[in-house]
Amino acid sequence: MRKISDPSNKRFDCAVRDSLSAIRATHLQLHLLNSTCATAALLASQIELYGVLLDEISGIHTSLARDLKHARLTPQVSQSSGLDA
């Protein structure tokens with residue numbers, strides 16, 4: 001398992017954090033749009049926002065799969081606490 005200080009963890013965390021922020025913002029926009037009357041333009045906007053959600057979720061999935069693959073290929077380093085007798 002990689003250490004918390006591993007720079008690649010920071011990139012991964014940042015990418016996931018950015019995706020989650022985009023998902024939250026998109027969810028809020030969808031919530032606001034749902035409180036108005038349905039029109040063709042509104043429905044088109046909702047479809048576009050759902051596309052954003054799918055893209056962000058797909059990006060998170062890809063990042064997690066890549067991270068898992070990397071973790072499986074990286075040799076495991078024992079993280080003993082030094083208390084072993």
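These figures come from a predicted structure and were not determined experimentally.
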Query - From CG (Leu68) to CG (Leu73), nearest 0.5 Å - result: 9.5 Å

Query - Inter-residue atom distance Glu56.CD - His27.NE2, 0.5 Å rounding - result: 15.0 Å

I'd like to know if [Y] and [X] are part of one continuous hydrophobic network [Ile/Leu/Val/Met/Phe/Trp/Tyr, side-chain heavy atoms within less than 4.5 Å].
X     : Y     : answer
Leu64 : Leu20 : yes
Leu53 : Leu42 : yes
Leu33 : Tyr50 : yes
Ile23 : Val16 : yes

Report task. Heavy atoms only: give me the nearest Leu49-Thr26 pair and the separation to one decimal. Result -> O-CG2, 3.3 Å

Requested in this report: Please test Leu43 against Gln46 for side-chain contact (heavy atoms from CB on, under 4.5 Å), starting from the C-alpha separation and ending with a verdict.
Outcome: CA-CA 5 Å; Leu43 293 174; Gln46 287 176 325; 3.4 Å; yes

Query raised in the report: Okay, side chain of Ser19, backbone of Ala15: is any donor-acceptor separation there less than 3.5 Å?
Result: yes

